[in-house]
Amino acid sequence: MGKVTGFMEYERIEEGYKPVPERLKNYKEFVIGLDDAQANKQAARCMDCGTPFCNSGCPVNNIIPDFNDMVFRADWKSAIDTLHSTNNFPEFTGRICPAPCEAACTLNVNDDAVGIKSIEHAIIDRAWAEGWVQPQPPQHKTGKKVAVVGSGPAGMAAAQQLARVGHDVTRFEKNDRVGGLLRYGIPDFKMEKIHIDRRVAQMQAEGVTFRTGVMVGRAQDPLGKDSKVTNWARETITPEQLQKDFDAVLLTAGAEQSRDLPVPGRDLDGVHFAMEFLPQQNKVNAGDKVKDQLRADGKHVIVIGGGDTGSDCVGTSNRHGAASVTQFELMPQPPEEENRPMTWPYWPIKLRTSSSHEEGCEREFAISTKELIGDGGKVTGLKTVRVEWKDGKMQEVPGSEQTLKADLVLLAMGFVAPVSAVLDAFGIDKDGRGNAKASTEFTGGYATNVPKVFAAGDIRRGQSLVVWAIREGRQAARSVDEFLMGYSDLPR
């Protein structure tokens, strides 16, 4: 723990933001991290709580009280070693994780939680600045070859773990750059891509081979007919070839099938999935040219979906110079504060206002879209109705219909499943939601019904958080290692 009485002496310190007018001019990160003195005081608030619920609230089980104490004592090198023992990529989670650990913090019962995420952010940024993050190549090679399909956080974590115990790991990515949705989903203003690039360089030094622009699936229509999933592949490799060339295959291709809106007018020009809109801007930020890029300049934008992806659309639209941005949420507006005695230590439902919302956005709750209307094949507005929930069922509110102007409609209602065609190409069994069917048991975990083929991350779990992807990637790496070698020294 930090200081014995620290939680009584010090208030929670929030990370700062650059002013809205300044940050809207570019796509750079704008969070101002804690300095050493602030980090010291924040770490001092960690209590001697006996049972650290933050540890179990964190999906990768970060050893939070320990690294808080190390930061308090200015032992930053030990802090990053402790953090890296459970989390391969703290620079990802320290920026974009919603921090379920803080919801579980014992201090959060009746006070403001310790700023665990901001401390993690400070630790990893300090580690990079000091040169402490170095490649860890294996001491010996096993001669075993592993293919990791997909290059998001689950695949990155698994590949790094497997390479460090001596396996020859090749990662396959259908798009032109590594990172999955970290690269082509999360906007640069939330996480600049240098953080991915540095880890790719580290992993290459550890022996991982990256093959971008390669789709793994059927030779014809590998993503299925008329798929809207981003695919910039230049070549396709079949599952049969992959299984022939490698001793094990780990699928970490995410859950990229977006939830659609089956209402009249869905086919109008100007109605797009968020994952058609967001990747294009990230590609432009990387220096590429995108023909007919989807842009919000001067447009009235309506984002349907009240989650993080919708928030990312809001922030990007504001940077484009949209005339107005409105975000719809089907569910009623949650309370501003949770009932902590009822919810702690679990993740509470409460109103969450993102930095993108603060930059300019009208938020509408308990609203449903009945029809998209247009003129000359282009969207011009939406017909909506207010809804309420009675006895667990959604009902329309009579007389609440209205028409709103819209030049660009972005569908950000979550992701329903992995791309079915990819799983079908391997012959993998699916669960009731269309995810790859595989358990997380200690023995035989993450193995699918297809011999030597494993699945982890969103492709197995369904849409989830970056931190859950890292957890599953690490655990799957142990299962693959044990499958190949008969035992494993990797942590679970």
Side-chain angles (χ1 to χ4, degrees), residues 14-34 87 89-102 115-122 124-125 128 151-153 156 175 177-200 230 254 256 273-286 294 296 301 303 305-320 322 325 327 352-361 363 410 412 414-415 458 463-470:
E14 299 287 354
E15 293 180 311
Y17 290 162
K18 292 181 180 178
V20 171
E22 179 182 343
R23 68 196 199 219
L24 285 181
K25 294 177 181 178
N26 56 59
Y27 294 87
K28 300 294 185 181
E29 290 181 13
F30 53 81
V31 173
I32 302 170
L34 304 181
N87 185 353
F89 313 117
E91 61 268 53
F92 301 166
T93 51
R95 284 170 168 79
I96 60 175
C97 182
C101 55
E102 293 186 12
I116 301 166
K117 179 180 175 180
S118 62
I119 295 172
E120 181 177 342
H121 187 180
I124 185 59
D125 282 8
W128 279 109
S151 68
M156 290 184 73
N175 293 325
R177 293 180 177 89
V178 171
L181 291 190
L182 291 175
R183 174 76 66 175
Y184 286 128
I186 303 295
D188 289 51
F189 55 80
K190 288 178 65 175
M191 193 188 86
E192 293 178 24
K193 307 317 170 196
I194 181 62
H195 305 298
I196 304 173
D197 297 336
R198 290 192 298 196
R199 287 297 184 176
V200 169
T230 302
E256 294 187 275
F273 287 122
M275 289 310 299
E276 295 176 83
F277 177 69
L278 295 172
Q280 292 185 5
Q281 185 58 55
N282 285 11
K283 205 164 172 57
V284 170
N285 293 343
L294 297 175
V301 179
V303 179
D308 289 341
T309 304
S311 174
D312 294 342
C313 290
V314 170
T316 301
S317 296
N318 280 325
R319 282 161 178 75
H320 283 181
V325 183
Q327 186 177 20
R352 301 177 190 277
T353 300
S354 73
S355 57
S356 292
H357 293 142
E358 294 171 349
E359 292 166 359
C361 172
R363 302 173 74 182
L410 300 172
F415 302 87
D458 288 6
Q463 178 193 11
S464 193
L465 305 175
V466 167
V467 67
W468 273 105
I470 294 172

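In this chain, numbering begins with 1 at the start of the sequence shown.
- Glu359 places no side-chain N or O within 3.5 Å of a backbone atom of Val20 that could act as its donor or acceptor partner.
- Between Arg23 and Glu29 there is no salt bridge, since no side-chain N of the basic residue sits under 4.0 Å from a carboxylate O of the acidic one.
- Heavy atoms only, all atoms of each residue included: Pro279 and Tyr184 are closest at CG-O, 3.1 Å.
- Across all non-hydrogen atoms, the minimal contact from Ser118 to Leu34 is OG-CD1, 3.4 Å.
- Counting all heavy atoms, side chain and backbone alike, Gly185 lies closest to Asn282 at N-ND2, 3.8 Å.
- Listed here is the closest heavy atom pair of Thr309 and Ala274: CG2-CB, 3.6 Å.
- Take Glu192 and apply the side chain to side chain donor-acceptor pair (under 3.5 Å) test, not counting sequence neighbours, and it matches no residue.
- Counting only distance, with no hydrogens or angles, the side chain of Gln463 and the backbone of Phe415 share a donor-acceptor pair below 3.5 Å.
- Atom CG of Asp308 and atom OG of Ser354 lie 7.5 Å apart (nearest 0.5 Å).
- A salt bridge does not link Arg198 with Glu91: every distance from a Lys NZ or Arg NE/NH1/NH2 to an Asp or Glu carboxylate oxygen is 4.0 Å or more.
- A 4.5 Å side-chain heavy-atom check between Phe30 and Ser355 finds at least one atom pair inside the cut-off.
- The CD1 atom of Ile186 lies 4.0 Å from the CD1 atom of Ile96; values are rounded to the nearest 0.5 Å.
- Of the inter-residue distances, the one linking Leu182 atom CG with Ser151 atom OG reads 8.5 Å to the nearest 0.5 angstrom.
- Residues passing the side chain to side chain donor-acceptor pair (under 3.5 Å) test with Thr93, sequence neighbours excluded: Asn87, Glu120.
- Under the 6.0 Å cut-off for aromatic ring centres, Phe92 and His121 do not qualify, their centroids lying 6.0 Å or more apart.
- A donor-acceptor contact shorter than 3.5 Å is absent between the side chain of Lys117 and the backbone of Gly115.
- Residue Val301 comes nearest to Ala296 through the heavy atom pair CG2-CB, 3.7 Å, listed as atom of the first residue, atom of the second, then distance.
- In this structure, a donor-acceptor pair under 3.5 Å is absent between the side chains of Arg352 and His357.
- Residues Arg177 and Ile196 form no side-chain contact, since every pair of their non-hydrogen atoms from C-beta on lies 4.5 Å or further apart.
- Closest approach of Lys18 to Ile32, counting heavy atoms only: N-CD1, 4.2 Å.
- Remark: the backbone N or O of Gly307 is not paired with any side-chain donor or acceptor of Ser311 at under 3.5 angstrom.
- A donor atom on one side chain and an acceptor atom on the other are found under 3.5 Å apart for Thr353 and Arg363.
- With rounding to the nearest 0.5 Å, the separation of CZ in Arg199 from CD1 in Ile194 is 12.0 Å.
- Between the Glu276 side chain and the Phe273 main chain, a donor and an acceptor come within less than 3.5 Å of each other.
- Classification of Asp188 and Arg183 as a salt-bridged pair fails, no side-chain N sitting under 4.0 Å from a carboxylate O.
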